[in-house]
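We count ligands from 1, going down the list as the structure has it; atoms in each ligand are counted the same way.
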Amino acid sequence: MSNHLFDAIRKGIRPEASFIETAPGQRWTYGDMLALSARFAGALTKLGVKPGDRVAVQVEKSPEALMLYLACVRAGAVYLPLNTAYTLAELDYFIGDAEPRLVVCAPGAKEGLQSIAVPKGAVVETMDDNGGGSLIDLARSEPDSFDDVSRGADDLAAILYTSGTTGRSKGAMLSHDNLLSNAATLRDYWRFTSDDKLIHALPIFHTHGLFVASNVILLAGASMVFLPKFDAEQVLALMPKATCMMGVPTFYVRLIQSSALTKERTANMRLFISGSAPLLAETHRQFEAMTGHRILERYGMTETNMNTSNPYEGERVAGTVGFPLPGVSLRVSDPEDGKPVPDGETGMIEVSGPNVFKGYWRMPEKTAAEFRADGFFITGDLGMVDKAGYVHIVGRGKDLVISGGYNIYPKEVETEIDQLPGVFESAVIGVPHPDFGEGVTAVVVRKPGETVEEKDILAALQERLARYKQPKRVIFVPDLPRNTMGKVQKNVLRETYGKLFEPVS
Ligand code: MCA
Ligand code: AMP
């Protein structure tokens, strides 16, 4: 039997080689990975998870949580990671839409999750970030070998919810080959080998930390230091023993504020990679001045995995996302009619290749609307290709805010705010933020005679929206600016409030 993704991971494994270390000094070898993922796969099977069933997971980051992802791959299940910041109101939608067979959550969240998941036909098990929980107990009595379920290249390995280009959160369906082909390309493009040790400080419920970081390490037989979250001083302390790091721009913004970031401190590091949001050219330059390293910026999406990357050798140009990866075709088209625009002109970025997802879960019309007839996926990002072939992202055609690498879909926040007492209407925008890149900002119009205040709105959103989606500021205005068609001019709002988060000097 063959399992497209896991067979590739298995190939070349040295069981005694280190796979994961934690800061307190615990260590999991590749042999441990094989045994533990087998035990979890056995437990999933006992719980009735069949090939193709979804397994929704909302747990804190831990080596065991990563083994659970691998167990799903081995058991032929579809892994569905969920941001730990999601509220029950948000989870209700994901679980209703994905209809998982099994939900795995933190022990403290079990009761709440049972109330929404059990009526929808799911079983709920728990896992904490310290090797405990009911799923771990079940796995303990399972054998440490497992007959991997046969899965082909096009079978689903994961569904990741994303705001996509329009509308409500949609489940991006990613196949075994979407994940494998992209990870193999990145391993080779970025020269990962078994000698590498990655500082892994990203969450593992999104493409960046889960697939880009973890799958690349697995395919290279390399190792990683697994940190529960990003802490600049801790990361700096680890650098002399590591070789590379992947991060969102906020990581780099925070690192350059530390006087401990020096050439000596980073002497053992061979590669710093940035993605998920635009890295300011200024951050790139400052990082180079302090360390001598040029950050390698790449560009991707949940739906497409990674599309472009600056070169490993050759010029890493600040403010660009480099070249289309081998096997990925990228073109820039007129957003209206889809006709290609000449190099140097701005248009909609479209991509195709083995990296591009299989469509949105149970949304054939939405899927069809995002693809051109010849199979290119319309990213919603505006860009241009310069004379040397470097891709520049110059804006977003989609109404999206990216804060610290997390995507926020303004419509979702506006819908929540518009329902609140005293609110007539709202517009949510992202404005430059020194730490998060963009800060979520709500511009609100009160109903006549109403006195609703910023604190009332923020308090009401606590239970409704994940913390990172909640506005950092709420501003009240008598009216929203509109064009002649009646559409809210968010560009005007972004300009008006562009300096909102600038430090007052
Ligand atoms: C935390 N907060 C945030 C964010 N993170 N608010 C806005 N945006 C955020 N990203 C809230 C916290 O709840 C807290 O609220 C306050 O802001 C300050 O928290 P702080 O301790 O400073 O935050 P942190 O815990 O240090 O987290 C910041 C972070 C983290 C390290 C940048 O957000 C992070 O790890 N981001 C990575 C996201 C990621 O992996 N994206 C990849 C998506 P309060 O104190 O008021 O309670 S995949 C993707 O985009 C594609 C495929 C791609 O190309 O990679
Ligand atoms: P997600 O929906 O979380 O997969 O986020 C994907 C979006 O993040 C892309 O469509 C881009 O808008 C943005 N993105 C990812 N990497 C970069 C980058 N290096 N520069 C600019 N934007 C980026």
Side-chain angles (χ1 to χ4, degrees), residues 61 81 83-85 160-165 169-170 172 174 182 186 200-214 227-235 246-255 273-281 283-284 295-310 318-322 348-351 355 357 370 377-383 391-409 413 430 433-441 458 461-462 465-473 501:
K61 183 175 174 183
N83 194 320
T84 45
L160 267 64
Y161 276 83
T162 165
S163 45
T165 52
S169 260
K170 299 181 280 283
L174 294 153
N182 205 238
L186 297 175
H200 192 306
L202 288 159
I204 54 167
F205 41 68
H206 282 309
T207 294
H208 197 163
L210 183 61
F211 302 139
V212 185
S214 306
L227 303 175
K229 58 173 284 199
F230 178 80
D231 173 329
E233 293 309 317
Q234 187 180 28
V235 162
M246 296 183 192
V248 295
T250 301
F251 285 19
Y252 295 102
V253 167
R254 292 183 182 182
L255 283 170
I273 302 176
S274 177
S276 305
L279 180 76
L280 292 180
T283 311
H284 193 282
I295 299 169
L296 185 155
E297 186 171 7
R298 57 59 176 178
Y299 155 63
M301 272 182 93
T302 302
E303 289 91 332
T304 63
N305 298 288
M306 299 305 102
N307 295 313
T308 73
S309 171
N310 269 281
T320 83
V321 292
M348 177 63 71
I349 298 179
E350 301 181 0
V351 293
N355 53 315
F357 74 138
E370 314 278 331
F377 175 67
I378 307 163
T379 62
D381 291 311
L382 300 175
V391 178
H392 299 235
I393 308 230
V394 292
R396 286 175 214 136
K398 51 194 174 191
D399 194 13
L400 178 71
V401 180
I402 306 185
S403 168
Y406 286 138
N407 290 8
I408 296 107
Y409 179 56
V413 186
H433 188 286
D435 187 33
F436 292 124
E438 290 180 321
V440 176
T441 303
L458 295 179
L461 296 177
Q462 294 289 336
L465 292 173
R467 190 91 187 100
Y468 69 89
K469 295 181 192 170
Q470 295 170 22
K472 300 272 179 231
R473 285 296 311 276
F501 297 109

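- With respect to atom 23 (O) of ligand 1, the closest heavy atom belonging to the protein is Arg254 NH2, 3.9 Å.
- Nearest protein heavy-atom contact of atom 8 (N) of ligand 1 is Ser403 OG, 2.5 Å.
- Taking atom 44 (P) of ligand 1 as the reference point, the nearest protein heavy-atom neighbour is Arg467 NE, 3.3 Å.
- A 4.5 Å side-chain heavy-atom check between Ile295 and Ile273 finds every atom pair outside the cut-off.
- Against a heavy-atom cut-off of under 4.0 Å, Thr302 is close to the following atoms of ligand 1: 52 (C).
- Distances from atom 33 (O) of ligand 1 to the heavy atoms of Phe205, Phe251, Tyr406 show the closest one on Tyr406.
- Shown here, atom 29 (C) of ligand 1 is out of close reach of the protein: none of its heavy atoms lies under 4.0 Å off.
- Close contacts of ligand 2 with Thr302, meaning ligand atoms under 4.0 Å from a residue heavy atom, involve 1 (P), 2 (O), 3 (O), 4 (O).
- Of all atoms in ligand 2, listed by their number and element, those nearer than 4.0 Å to a heavy atom of Pro278 are 20 (N), 21 (C), 22 (N).
- The protein atom (non-hydrogen) at minimum distance from atom 17 (O) of ligand 1 is Lys472 NZ, 3.2 Å.
- Of all atoms in ligand 2, numbered sequentially from 1 with element shown, those under 4.0 Å from a heavy atom of Thr162 are 2 (O).
- Looking at Tyr161 and Asn83, their side chains never bring a donor and an acceptor atom within 3.5 Å of each other.
- For the residues Gly405, Gly404, Ala466, the heavy atom positioned nearest atom 36 (N) of ligand 1 is part of Gly404.
- The closest donor-acceptor contact from the side chain of Thr441 to the backbone of Gly439 lies under 3.5 Å.
- For Val321, the closest heavy-atom approach to ligand 2 falls below 4.0 Å.
- Using a cutoff of 4.0 Å between basic side-chain nitrogens and carboxylate oxygens, Glu438 and Arg396 are scored as salt-bridged.
- When hydrogens are left out, the protein atom nearest atom 55 (O) of ligand 1 is Ser276 OG, 2.6 Å; that is the closest non-hydrogen contact.
- Of the heavy atoms in Met301, only backbone atoms (N, CA, C, O) come closer than 4.0 Å to ligand 1.
- Listed by number with element, the atoms of ligand 2 under 4.0 Å from a non-hydrogen atom of Ser276 are 8 (O), 13 (C), 14 (N), 15 (C), 16 (N), 17 (C), 23 (C).
- Heavy-atom contacts of Met301 reach the following atoms of ligand 2: 4 (O), 6 (C), 9 (C), 10 (O) (cutoff under 4.0 Å).
- At least one heavy atom of Arg298 sits closer than 4.0 Å to an atom of ligand 2.
- Taking every heavy atom of Glu297 and a limit of under 4.0 angstrom, the matching atoms of ligand 2 come to 18 (C), 19 (N), 20 (N).
- Looking only at protein heavy atoms, the nearest one to atom 5 (N) of ligand 1 is Phe436 CE2, 4.0 Å.
- Residue contacts with ligand 2, taken as heavy atom pairs separated by less than 4.0 Å, involve Asn407 solely via side-chain atoms from C-beta onward.
- With 3.5 Å as the limit, one finds a donor-acceptor pair spanning the side chains of Ser276 and His208.
- Ion pairing between a basic and an acidic side chain is recognised when a charged N comes within 4.0 Å of a carboxylate O; Asp381 and Lys398 show such pairing.
- In this structure, Glu370 and Phe377 have side chains that are in contact, with non-hydrogen atoms separated by less than 4.5 Å.
- Between atom 7 (C) of ligand 2 and the options Gly300, Gly395, Ser309, the minimum heavy-atom separation is to Gly300.
- Contact annotation: for Ser274 versus ligand 2, there are no heavy atoms closer than 4.0 Å.
- Between His206 and ligand 2 there is no heavy-atom distance shorter than 4.0 Å.
- Scanning the protein heavy atoms around atom 54 (O) of ligand 1, the nearest turns out to be Arg298 NH1, 2.7 Å.
- Residue Tyr468 has at least one heavy-atom neighbour below 4.0 Å for each of these atoms of ligand 1: 3 (C), 4 (C), 6 (N), 7 (C), 8 (N), 9 (C).
- Residue Ile402 approaches ligand 2 through these ligand atoms, each under 4.0 Å from one of its heavy atoms: 8 (O), 12 (O), 13 (C).
- Ranking the protein heavy atoms by distance from atom 35 (O) of ligand 1 puts Pro203 CD, 3.7 Å first.
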